[in-house]
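No experiment lies behind these values; they were computed from the predicted model shown.
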Amino acid sequence: MKNGKRNLLLSVIIALVFSIGMPVLPGFSGVGILQVEAAAKPTINKKKSNLKLGKTLTLKIKNASQKVKWSTSNKNVVQIIKTSGSKKQNAVIKGVKKGTATITAKIGSTKLKAKITVKHTHSYIYPATCTEPAKCECGATYGFALGHQMSGATCQHPSTCTRCGYVDGTAVDHLYVNGSCMWCNQLDLRSVVSFVLRNTSAQGDKNVRYVAMQITNSGNSEFVIEGAGQIRPAAGSSPITLYITDADDNTYQRARCSSRDTLVLFYDTMDNNIRFTFLPGGTLSFTAMYGNDRYQITMDMYGTYSFVRI
C-alpha cells in the first residue's frame with residue numbers, strides 16, 4: 001500500500017518538473033503534444049477591377065500550393081493572353097470588348113474569382129474615306145462614307161478620284177478647240193490638212209486601178225506622207241500594201257506637201273490580179289509627218305479621216 005502511494009507521488013512530481021523546468025521543443029506543446037502550423041490559403045490580388053478596351057491587367061495568385069488553371073467566362077470580352085510563374089500563378093488578361101467577364105483561378109479544389117468590367121468610350125480615330133464611314137478602334141462606325149470625288153476624264157487620263165485614286169473608265173478622245181486639244185495641245189490635223197480621193201480607170205498591162213488622192217495643206221508646217229500604206233477594201237478583209245506613185249507609176253519614197261500647197265498623189269495596188277476599188281466601209285491607213293509629230297491616219301472613201309499621234 002505504501003509503495004503504491006509512493007509511486008503515485010513520484011509520478012506527479014516528475015510531471016511537474018517536466019512541465020515547469022524543461023525547455024519546450026519546437027513543434028511540441030508544454031505537455032508533449034505535436035503542433036503543426038496550418039498552410040496559408042491562396043489569395044488573388046484583385047477580386048474586382050475595371051479595364052479599358054484594348055488594355056491589359058495582371059492577376060496574381062499568392063500562396064499557390066500547386067499549378068493554377070485560369071479560365072474566362074466570356075472570351076469575347078476578356079481574354080487570357082499569357083500566364084507565367086513556376087505554378088502559372090500570374091495571368092495577363094486583355095479587354096477586347098465592352099462588357100463584363102469573370103476570370104477564375106483554380107488551385108486544386110479552390111477557386112478564386114475576379115470580376116472584370118471592360119469600359120470603352122468610342123473615339124473615331126479613323127476618319128471617313130470614300131468607301132467607309134469614320135471608324136473607332138473597336139470597329140464601331142459613325143456617319144457615312146464620303147463617296148468618290150471624281151475628276152473629269154481627259155485624253156490623257158480617265159476619270160479619277162482626287163481623294164483615293166480610284167479610276168473609272170478610260171481616257172476620252174481629244175477635245176479640239178480652235179485647232180488644238182484643250183488638254184494636251186495636240187494639233188487637230190483635220191483643221192490644216194484635207195484629202196480628196198478619186199478613182200481612175202485601169203491602166204497598162206498590169207490591169208491596175210489607181211486611186212488618186214489630192215492633198216491640201218493650209219497650215220504652217222510641211223506635211224509628209226511616208227513611203228507605203230495599207231488599204232482594206234472592206235471591213236475585216238486582209239490589207240493590201242500600197243505605194244506612193246506618180247502618174248507614170250514611178251514610186252516615191254516620200255511625198256511632201258509644203259504649207260499653203262496642194263499635191264496630187266496616186267496609190268497603186270501593184271498587183272496583177274486585183275483591180276482595186278475603194279468600197280463603202282473600206283479604209284486606207286498610212287503614216288505621215290506634220291512638223292515634228294508623226295501621225296497614223298485612217299481614211300474612208302470620201303476623204304474623211306481620223307488620226308492618232310504616234
Side-chain angles (χ1 to χ4, degrees), residues 39-175 182-184:
K41 292 182 179 181
T43 58
I44 191 168
N45 65 330
K46 294 181 183 293
K47 293 184 178 180
K48 181 185 293 186
S49 183
N50 294 329
L51 185 60
K52 289 185 177 181
L53 182 70
K55 301 299 182 180
T56 60
L57 175 70
T58 300
L59 297 178
K60 299 179 180 180
I61 301 298
K62 186 177 180 182
N63 302 322
S65 59
Q66 53 187 292
K67 187 176 180 180
V68 180
K69 295 181 179 179
W70 296 90
S71 62
T72 176
S73 64
N74 191 340
K75 64 181 181 180
N76 294 322
V77 174
V78 180
Q79 293 180 352
I80 301 167
I81 60 174
K82 184 174 67 174
T83 59
S84 62
S86 59
K87 296 178 181 178
K88 304 294 183 181
Q89 68 270 26
N90 304 318
V92 178
I93 62 174
K94 182 178 182 179
V96 294
K97 185 180 179 181
K98 186 177 180 180
T100 301
T102 299
I103 301 298
T104 301
K106 185 177 180 182
I107 311 100
S109 60
T110 300
K111 292 182 178 180
L112 300 176
K113 298 180 182 293
K115 183 180 179 181
I116 307 298
T117 301
V118 180
K119 296 186 174 182
H120 176 63
T121 301
H122 292 307
S123 176
Y124 298 99
I125 60 175
Y126 303 105
T129 66
C130 295
T131 56
E132 293 185 349
K135 184 180 293 185
C136 178
E137 60 183 344
C138 72
T141 59
Y142 175 77
F144 302 94
L146 300 177
H148 294 297
Q149 183 173 299
M150 305 299 293
S151 67
T154 71
C155 60
Q156 296 178 303
H157 57 75
S159 179
T160 305
C161 179
T162 58
R163 278 194 287 258
C164 70
Y166 168 77
V167 174
D168 183 22
T170 59
V172 297
D173 291 335
H174 297 283
L175 180 59
M182 65 175 295
W183 296 309
C184 70

**Study point:** Lys94 side, atom NZ; Ile116 side, atom CD1 - distance, nearest 0.5 Å
**Key:** 15.5 Å
Study note, to complete from the structure: For Ala64 and Lys87, the nearest pair of non-hydrogen atoms, with its separation, is O-NZ, 3.1 Å
Check your understanding: Picking from Asn45, Ile93, Val92, what satisfies side chain to side chain contact (heavy atoms under 4.5 Å, CB included) with Thr58?
Key -> Val92
Review point. Checking Thr160 side chain against Ser151 main chain: does a donor-acceptor pair fall under 3.5 Å?
Key: no
Point to revise | Ile80 to Ala91 - nearest heavy-atom pair and separation | key: CG2-CB, 4.4 Å
**Study point:** Gap between atom OG of Ser71 and atom CD1 of Ile103 - 0.5 Å precision
**Key:** 7.0 Å
Check your understanding: What class does the angle between the rings of Tyr142 and Tyr124 fall in, given that below 30° is parallel, 30 to 60° is tilted and above 60° is perpendicular?
Key -> tilted
Point to revise | Criterion side chain to side chain contact (heavy atoms under 4.5 Å, CB included) on Thr131 and His148, from CA distance to verdict | key: CA-CA 8 Å; Thr131 56; His148 294 297; 4.1 Å; yes
Exercise for review: Taking the side chain as every heavy atom from C-beta outward, state whether Cys155 and Leu175 have any atom pair closer than 4.5 Å.
Suggested key: no
Check your understanding: If only atom types and distance count, is the side chain of Gln156 paired as donor or acceptor with the main-chain N or O of Thr154 below 3.5 Å?
Key -> no
Check your understanding: Under 3.5 Å, side chain of Ser159 to main-chain N/O of Asp168, donor-acceptor pair present?
Key -> no
Exercise for review: Among Cys161, Pro158, Cys130, find the residue that satisfies the side chain to side chain contact (heavy atoms under 4.5 Å, CB included) test when tested with Met150.
Suggested key: Cys161
Exercise for review: Give, for atom SG of Cys138 and atom NZ of Lys98, the distance between the pair rounded to the nearest 0.5 Å.
Suggested key: 9.5 Å
Revision key, fill the gap. Shortest non-hydrogen pair, Thr72 vs Val78, comes out as OG1-O, 3.0 Å
Exercise for review: Evaluate the criterion side chain to side chain contact (heavy atoms under 4.5 Å, CB included) for residue pair Lys46 and Leu59; output intermediate values, then yes/no.
Suggested key: CA-CA 7 Å; Lys46 294 181 183 293; Leu59 297 178; 4.0 Å; yes
Study note, to complete from the structure: Residues Pro127 and Ile125: closest non-hydrogen pair is CD-O, 3.4 Å
Review point. Would you say Trp70's side chain and Lys88's backbone share a donor-acceptor pair under 3.5 angstrom?
Key: yes
Point to revise | Distance, nearest 0.5 Å, that separates NZ of Lys47 from NZ of Lys115 | key: 14.0 Å
Revision key, fill the gap. CG of Leu51 to OG1 of Thr117, rounded to nearest 0.5 Å, is 9.5 Å
**Study point:** Between OG1 on residue Thr110 and CG on residue Asn63, distance to nearest 0.5 Å
**Key:** 11.5 Å
Point to revise | Closest non-hydrogen atom pair between His157 and Gly152, with its separation | key: CE1-O, 3.9 Å
Check your understanding: Side chains of Thr104 and Lys113: donor-acceptor distance under 3.5 Å anywhere?
Key -> yes
**Study point:** Minimum heavy-atom distance Val118-Lys52, with the two atoms named
**Key:** CG1-C, 4.3 Å
